[in-house]
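Side-chain atoms are counted along with the backbone in the values below, which use heavy atoms only and exclude waters and symmetry mates.
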Amino acid sequence: MMTKTILKEDDSSREKMMGPTNIASRMAPPFGMVIKYFVASILSFVILAGMLVVFGDAVQGHHFQPKLLAFTHIATLGWITMIIFGAMFQLVPVVLEVKLFSHRLGEIQFWMYLVGSIGLVVGFWTFNVGIHMTASALLVTGAMLLFIGNILATMAKVSQWNLTGLYLLAALVYLAATAVAGLLLTINLGYPFISRIHLDYLKIHAHIGFIGWVVMVIMGVGLKLIPMFSLSHGYSMLPAKIAFVLVNIGLMGVSIEWLLTGERWLLGTYVAILVAGLLSFLVQLGLVISHRMRRLFDLGMKFSIVAFAYFFASICFGAILAFGDVEEGELKDALVLTYGAMIMLGFFSTLIIGQMYKIVPFLVWFHTFSDRVGKEQVPMLKDMVNERLGEIQFYLFTVGVFGVLLSLIFSQGTMLQISFDLVFVSSLLFLFNMSSIFYLKVRYGNKKASA
């Protein structure tokens, strides 16, 4: 692969190559810190997929049960939030043009968060709701607060804000709320002190985490990454501005109404505002894609397009659950599980995989080969990834996730098992591709460029 394609360019052509995907600069923290989060996230995804194969029969019935809670927290803490931490450590300094406040805090946070997350997952799996789970939740919350403080201290140095910065700032506020709510709910399991039904607060915790934290980050970062990767320009940013306002109003309104158990019509109004905000962001994405210069979709963009199709589907599904009058029972349980799987596997996971196929090769190339351009043979970005394996993974994962959703809706156990198998095989292919890219950093990263 190293000798297959060769670049021999001067410094000006090197700058031209790096321009369209400017996700690395001297402002970013040491890559060794960022890569820890990426590796832990990928391994969490593979572990999750493997556990779904072995214990797939646990994915049924009501969503509040030990093994399902463990699956959910492997996905949200280990797979999704871990990769967001790493991506934000890399991208926030670059996008906002300031240095990270402290990469040492990022290192400390990683180990706190890793130990706490493992402890929480084990606690949910065994439903050990005493001091063990509380201590783990304290570690996770402490790590999240370290992250928030580190990024806020970094943002304090920003002289000129942009829309992406506002999205990320709002996401940090929601992360703090998610962390504190999660800690209180965990303590309540072992030492009950909340007078209302636990599930009422769990619903608020989940939606603030999903929409306020994860989706807000996706929207903010997406405003930078998707135009870079699709080479889009000349489009209006109005839908993204509308989305920012509506999503915040809608999410805060829905959370307050759930908390206070207010009037149903008022809750419905806030849900409608939230849905309108999320759809406005999809309109923004449509504008970006329609103004792209790169007409063909590469592997990363294929995953991303499918992910945002699931985003639209989950918005519609959530609205149906909110406005529909579905009685408690097997049907309601199946619909809630399908909704959760659509968000975490269909939207979040598909999008993360797609964006990692864009981000990881470039970062490894930048930190391993960028200083060698024009001096020696170096690979091109397209040679950093095994596209054929990536394409196979794309189809296996797409079919697998769709099969999971159908199986949950129609309660088809055999089909669900086969679908989990496809997702697991897909995760192994993803692991292989990512490991191959990281191996280039290990193999060539310490070699000095030729004079």
Side-chain angles (χ1 to χ4, degrees), residues 63-64 69-70 72-82 84-85 88 101 105-106 108-121 123-124 128-156 167-218 220 247-262 270 274 340 343-344:
H63 60 279
F64 191 79
L69 290 173
T72 300
H73 284 83
I74 295 173
T76 55
L77 297 180
W79 167 227
I80 298 168
T81 295
M82 189 73 84
I84 291 177
F85 283 157
M88 284 187 68
F101 176 72
L105 282 180
I108 295 170
Q109 175 208 323
F110 173 80
W111 295 109
M112 283 179 60
Y113 186 77
L114 181 64
V115 173
S117 297
I118 293 173
L120 261 184
V121 169
F124 280 121
N128 181 359
V129 295
I131 189 66
H132 163 84
M133 189 179 290
T134 300
S136 300
L138 282 169
L139 275 177
V140 170
T141 303
M144 288 180 171
L145 294 179
L146 272 183
F147 173 77
I148 293 168
N150 204 356
I151 299 298
L152 286 178
T154 302
M155 289 179 165
Y167 269 103
L168 297 182
L169 182 60
L172 292 177
V173 174
Y174 289 118
L175 175 61
T178 303
V180 172
L183 175 61
L184 294 176
L185 287 170
T186 302
I187 295 172
N188 185 67
L189 287 175
Y191 312 96
F193 65 94
I194 298 176
S195 58
R196 282 177 54 187
I197 299 175
H198 187 92
L199 293 178
D200 291 343
Y201 291 100
L202 182 62
K203 181 168 56 176
I204 300 172
H205 168 65
H207 280 81
I208 290 178
F210 285 162
I211 301 175
W213 162 234
V214 181
V215 173
M216 196 68 74
V217 168
I218 288 172
V247 169
N248 279 288
I249 292 174
L251 182 57
M252 287 188 289
V254 166
S255 301
I256 291 172
E257 290 306 308
W258 273 339
L259 186 64
L260 302 178
T261 59
Y270 284 122
L274 177 59
I343 294 173
M344 287 192 283

Using residues 73-82 as the side-chain source, report each donor-acceptor pair under 3.5 Å to any protein atom, sequence neighbours left out, with the distance given to one decimal.
unit_1: H73; atom_1: ND1; unit_2: L69; atom_2: O; d: 2.8
unit_1: T76; atom_1: OG1; unit_2: T72; atom_2: O; d: 2.9
unit_1: W79; atom_1: NE1; unit_2: S349; atom_2: OG; d: 2.8
unit_1: T81; atom_1: OG1; unit_2: T76; atom_2: O; d: 2.7
unit_1: T81; atom_1: OG1; unit_2: W213; atom_2: NE1; d: 3.3

Would you give me the side-chain donor-acceptor pairs under 3.5 Å for residues 138-152, sequence neighbours excluded?
unit_1: T141; atom_1: OG1; unit_2: A137; atom_2: O; d: 2.8
unit_1: N150; atom_1: OD1; unit_2: S102; atom_2: N; d: 3.1
unit_1: N150; atom_1: ND2; unit_2: S102; atom_2: O; d: 2.7

Using ring pair (Phe, Tyr, Trp, His ring centres under 6.0 Å) as the criterion, list what pairs up with H207, not counting sequence neighbours.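 H207: ring pair (Phe, Tyr, Trp, His ring centres under 6.0 Å) contacts with W258.
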Among all residues two or more places apart in sequence or in another chain, which pass the ring pair (Phe, Tyr, Trp, His ring centres under 6.0 Å) test with F110?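 F110: ring pair (Phe, Tyr, Trp, His ring centres under 6.0 Å) contacts with Y37.
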Partners of [X] by side chain to side chain contact (heavy atoms under 4.5 Å, CB included), sequence neighbours excluded?
| X | value |
| --- | --- |
| I187 | T134, L183, Y191, F193 |
| A177 | I208 |
| V129 | F127, M133, L189 |

Quick one: list whatever passes side chain to side chain donor-acceptor pair (under 3.5 Å) with Y167, sequence neighbours left out.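 Not a single residue meets the side chain to side chain donor-acceptor pair (under 3.5 Å) criterion with Y167.
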Which atom of G116 lies closest to which atom of S136, heavy atoms considered: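 Result for this residue pair: O-CB, 3.5 Å.
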State, to 0.1 Å, how close A181 and H205 come at their nearest heavy-atom pair, and which atoms those are.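 In terms of heavy atoms, the two residues are closest at CB-ND1, 3.9 Å.
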Please round to the nearest 0.5 Å and tell me the distance separating atom OG1 of T178 and atom CG of L172.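 One gets 11.0 Å once the value is rounded to the nearest 0.5 Å.
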Nearest 0.5 Å, what's the CG-CE distance between L251 and M216?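 Output value for this atom pair is 7.0 Å.
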Decide yes or no for V215 and Y174: does some side-chain heavy atom of the first lie under 4.5 Å from some side-chain heavy atom of the second?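 No; the side chains remain at least 4.5 Å from each other.
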